[in-house]
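These notes are about the structure you will find just below.
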Protein chains: 4
Amino acid sequence: MPNKAAPDASRRSETARRAILAAALDLVAEVGYAKLSIEGIAHAAGVGKQTIYRWWPSKGSLLFDAFLTLAGEGEATALPDTGDLAADMKMVLRATVDELNDPRFDQPMRALHTEIVHDPVLAADYVKRLDEPMRELKKQRLRAAQRVGQLIEDVDLDVAVDMLFGPVLNRWLQHTGPLTHDYVDHVVDTALRGLGPR
Amino acid sequence: MPNKAAPDASRRSETARRAILAAALDLVAEVGYAKLSIEGIAHAAGVGKQTIYRWWPSKGSLLFDAFLTLAGEGEATALPDTGDLAADMKMVLRATVDELNDPRFDQPMRALHTEIVHDPVLAADYVKRLDEPMRELKKQRLRAAQRVGQLIEDVDLDVAVDMLFGPVLNRWLQHTGPLTHDYVDHVVDTALRGLGPR
Amino acid sequence: MPNKAAPDASRRSETARRAILAAALDLVAEVGYAKLSIEGIAHAAGVGKQTIYRWWPSKGSLLFDAFLTLAGEGEATALPDTGDLAADMKMVLRATVDELNDPRFDQPMRALHTEIVHDPVLAADYVKRLDEPMRELKKQRLRAAQRVGQLIEDVDLDVAVDMLFGPVLNRWLQHTGPLTHDYVDHVVDTALRGLGPR
Amino acid sequence: MPNKAAPDASRRSETARRAILAAALDLVAEVGYAKLSIEGIAHAAGVGKQTIYRWWPSKGSLLFDAFLTLAGEGEATALPDTGDLAADMKMVLRATVDELNDPRFDQPMRALHTEIVHDPVLAADYVKRLDEPMRELKKQRLRAAQRVGQLIEDVDLDVAVDMLFGPVLNRWLQHTGPLTHDYVDHVVDTALRGLGPR
DNA sequence: AGATAAGCGAGACGGTACGTCTAGTCTTCTC
DNA sequence: GAGAAGACTAGACGTACCGTCTCGCTTATCT
């Protein structure tokens, strides 16, 4: 039994919702995460603060929703499959770093990741609605590679995905090095060939 | 001609410095990054706010210094070398996840990483004073493995390090899965063997 | 041509009207004037806010109506006349202070007076619908006294009423002293006898 | 033992204090009591809100202080004494109504009285710092009148003061009639002569 | 040794933003 | 068409911190 009356979603203003999400993206890109304020978003969206507090429990969840409109929730249905696993993975990862290098995506993604680092609830949501679906697509491509003998059979596909995509995300988050196409090519080649001899 | 008089470091109070760093660690562990305030740290350390602002340019750099006292700057001089690369890497990574799972380390590290994500200057400092030295140790161990034929010759060692350590850091930051010894074992085995057949 | 359609009073819900007035009185007595809100009244009355805004132009006018239901508009038809002016005035004033000391009346009256102080329109309404009728009754009693030689002929009856009732109201409003029967007796005696010698 | 550290008054900024009081007076005169906000005062005074909240417990006490700067705390030392009580009281009361009719005084005084009506603590302060001293001056003048036989001996001087000044304040607060010199003359004459015959 | 000056604890200052509350308007649905 | 319900824009509330500043006090260095 909820002790606080939930707002009636059927009456929600779609106009306001969209204005808020757009304003959040614009503002985070403009002023950066540190200076992003609910008050600023409300003002930029031409909306009362309460309208934000009514529908989002935290700045993180708002950023998450905003990010989803940017990413297009569940837009991709499959990774490219030209028959050459290495080439396909390089293509995907190159597109990823291009996105990460795009200022329009960079700031919102950093903001979202910051929230995820500190908010396990939000992180769970992120895993379920963004990470899992994307991970599934990646695993599907890897399974297809297994079928044509381009990937060993007895590998943990989650670990495989982590090894292919983790290093790039880390380098971006931690500014430990430049995000280039060369780097991702190296990562794909190394991951596929393995570090050990033979 | 500097327009702002630099503080005279020779007169700096070591007592205050230590109290501030300790209070920062205690507080971030206690209340979390989001509720961590300079004012709170100053109060907990029994110190005036100005003493913090005088010596640290940002909350991030303070957290960095605090973290260094926790990690023990440049304490380790070499990674273990029993002759078995896989076993050694598993040992190191298991120790790493144990640390990441330790509440005393978890919050300060998350706080530091948050700052790094948004502050390239701090990130550069982090890379130079923490990431680079640790990375060098790891590369030394990998070079030793190359000498005894446990690691292929023509591999980019930076990429190798990223593939071994990146997935763990990632999983921790994004809460994408549990950080277990099993997981790191999988990662090491897979990285060494490679994803491709043969 | 009115630009705002006037509500059709014939369709007005008497139930809602009464619930609102009752809720206003209850709430002002319970939480005090400062924390009295239209929203709170609407909620307590089980009524939509619009129903209040439709029928009352201001919080003051609502309080005024509520107060009228408490006072019983134009209920008294004459002041007591035992033939002894002083005794009759003391009786009336004692009843007045008893009312002012009654918590049920105290808060609503203070609220109403606050609104009157700042709203000349409401004040005019108050004068016409509450002050004037009461004042007329008082003047009637004074005129009767004049007829039997208990009050001088050439006195401004409005001034006389002000001198008898004003001090009590003031003392109550300003908390300048306790409102006792003794005090009103003093006022009546002094007013009738005059301050000057003889 | 106070549970909340009291601010250190010795460090108080006199500039800020004066700016706040002046801004409060200006604003209440300009926009009226109903639209007077702490935020507005702070802004007009070029001051942070906290500086107001630090030094005044309520809007009422701020208005009180502001009013004191307007009235000049304890400025008058004695009422005029020409030997003619009636003439002197008329002079004083005429000055009073002139003040009440002055827009510069009207709004702040109404604001202050509103707060007093609802805040007994503030009312006590008002009585002590403004009402009592003024009342004492009035009573001194009345005592002087008693000495020269212009006022009866056995009268409660507080009641006498209430009868002379109460009606004017009342008429002003409640808008029950115009505040004219004629009116105060009537009041003084009637009070001194008394309502009863002879 | 006394003067000088810096760091220090303390905390007031002008501000920004927080998250909550209410005003008054508007919209939707029911009776 | 009035009414219950409640979302909407707007903005004040009182609180928490920001980063700067000023105040005495304590040290350390320099005449």
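Chain identifiers are assigned alphabetically (A, B, ...) following the order of the sequence lines, protein sequences preceding nucleic acid strands; residue numbering begins at 1 within each chain.
- The nearest pair of heavy atoms linking A:L27 to A:A44 is CD1-CB, 4.2 Å.
- Using a 4.5 Å cut-off on side-chain heavy atoms (C-beta onward), A:M109 and A:L112 make no contact.
- The neighbour count for D:R54 CZ, taken as heavy atoms of other residues, nucleotides or ligands under 6.0 Å away, is above 12.
- Contact between B:I41 and B:I52 at its shortest, heavy atoms only, is CG2-CD1, 3.9 Å.
- Residue C:G46 is in sugar-phosphate contact alone, with no base atom involved, counting any heavy-atom pair closer than 4.0 Å across all strands shown.
- With hydrogens and angles ignored, the 3.5 Å screen pairs no side-chain donor or acceptor of B:T51 with any backbone N or O of B:V47.
- Both tests hold for B:R12 against B:W56: distance to the six-membered ring centre under 6.0 Å, angle to the ring axis within 45°.
- Here the side chains of C:L63 and C:P108 are not in contact, with every heavy-atom distance at 4.5 Å or above.
- Near DNA chain E, defined here as any heavy-atom distance below 4.0 Å, there are no residues from residues 113-121 of chain A.
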Walk along nucleotides 21-31 of chain F from 5' to 3' and tag each nucleotide B, S or - by protein heavy-atom contact under 4.0 Å, base first, then sugar-phosphate. B-B----BS--
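- Straight-line distance from the CG atom of C:L27 to the P atom of E:dT22: 11 Å, rounded to whole Å.
- Within 4.0 Å of B:S13, counting heavy atoms only, lie sugar-phosphate atoms of the nucleic acid but no base atom.
- Aromatic ring pairs are classed by plane angle as parallel below 30°, tilted from 30° to 60° and perpendicular above 60°; the pair C:H118 and D:Y33 is parallel.
- Rounded to whole Å, atom P of E:dC13 lies 14 Å from atom CZ of D:R18.
- Counting non-hydrogen atoms under 4.0 angstrom, A:R12 reaches the backbone sugars and phosphates but no base.
- As rounded to whole Å, 15 Å separates atom C1' of F:dG14 from atom CG of D:L62.
- Taking atom CD1 of D:I38 as the reference point, atom P of E:dT22 lies 17 Å away to the nearest angstrom.
- As a whole-Å value, the separation of D:W55 CH2 from E:dC13 C1' is 11 Å.
- With DNA chain E read from its 5' end, the first of the two nearest nucleotides for A:L36 and B:I20 is the one closest to B:I20.
- Checking the phosphate oxygens (OP1, OP2) of E:dG9, a side-chain nitrogen or oxygen of B:T51 falls inside 4.0 Å.
- Counting heavy atoms from C-beta outward, D:E115 and D:Y126 have side chains that stay 4.5 Å or more apart.
- Spacing between atom CZ of D:R54 and atom P of F:dA16 amounts to 13 Å, rounded to whole angstrom units.
- The side chain of B:D8 approaches E:dA6 more closely than any other nucleotide in the set E:dC8, E:dA6, E:dA17.
- One can place OH of C:Y53 at 18 Å from P of F:dC8, the figure rounded to the nearest angstrom.
- Comparing the local axis fitted to the first five base pairs of the helix from E:dA1-F:dT31 to E:dC31-F:dG1 with the one fitted to its last five gives a bend of 10°, rounded to 10°.
- Electrostatic pairing of C:E39 and C:K49 counts as a salt bridge here, judged by a charged N lying under 4.0 Å from a carboxylate O.
- Atom NZ of C:K35 is separated from atom C1' of F:dG14 by 12 Å (rounded to the nearest Å).
- Of all non-hydrogen atoms in A:W55 and A:A9, the two that sit nearest each other are CH2-CA, 3.7 Å.
- Remark on DNA chain F: of its neighbouring residues C:A45 and A:P7, the 5'-side contact belongs to C:A45, judged by nearest-heavy-atom nucleotide.
- A donor-acceptor pair is defined here as one N or O able to donate and one able to accept, closer than 3.5 Å; such a pair exists between the side chain of D:K59 and the backbone of D:L36.
- Considering only side-chain atoms of A:S37, the nucleotide from E:dA23, F:dT9, E:dC18 that sits closest is E:dC18.
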